[in-house]
Amino acid sequence: PGTSWWKDSVKFVFDKNLVYDFYRGSRECLYGVYVMNMVKAMWATDTESSSYNVYAPYVQWILYESLHLLGASGWQMFALMHHF
């Protein structure tokens, strides 16, 4: 009650440690990085739409993955994509 994954996600997706060690994060949890970039892009479109172009290429990387693997992964990426 009173919590929102949307608002709570900001402290994680914009964490400076992830920004500086992006490649390590990709090796450790690639789908987590995909979700992080989707949330960043969603925040950008919701708060400052001109900054969406910064995150758009990272969201497009997701489309190069196997749709079967993405769908079976348990990460709710398609549900997030539906919000775009």
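The figures that follow rest on heavy atoms only: side chains count, while hydrogens, waters and symmetry mates do not. A quick note: this is a predicted structure, and the numbers were derived from the prediction, not measured. When a residue number appears, it is its place in the shown sequence, counting from 1.
M77 and S73 make their closest contact through CE-OG, 4.2 Å (heavy atoms, listed as atom of the first residue, atom of the second, distance). Of all heavy-atom pairs spanning V59 and A41, the tightest one is CG2-CB, 3.6 Å. The two residues L70 and I62 make their nearest non-hydrogen contact at CD1-O, 3.6 Å.
Applying the ring-ring contact (aromatic ring centres under 6.0 Å, His included) rule to Y58 yields the partners F22, W61; only residues at least two apart in sequence or on another chain are considered. Y34 meets the ring-ring contact (aromatic ring centres under 6.0 Å, His included) test with Y31; sequence neighbours excluded.
Considering CH2 of W75 and CG of L69, their distance stands at 15.0 Å, rounded to 0.5 Å. Annotation: the span from K40 atom NZ to Y52 atom OH amounts to 14.5 Å, rounded to 0.5 Å. Rounding to the nearest 0.5 angstrom, the gap separating the CE atom in M36 from the CG atom in L30 is 10.0 Å. The structure places CZ of F78 at 5.0 Å from CG of L67, a figure rounded to the nearest 0.5 Å.
Each salt bridge (Lys or Arg N to Asp or Glu O under 4.0 Å) pair with one or both residues in residues 24-38, not counting sequence neighbours, appears once here: D21-R24, R24-E28.
L63 has its side chain within reach of M81: a pair of non-hydrogen atoms, C-beta onward, lies under 4.5 Å apart.
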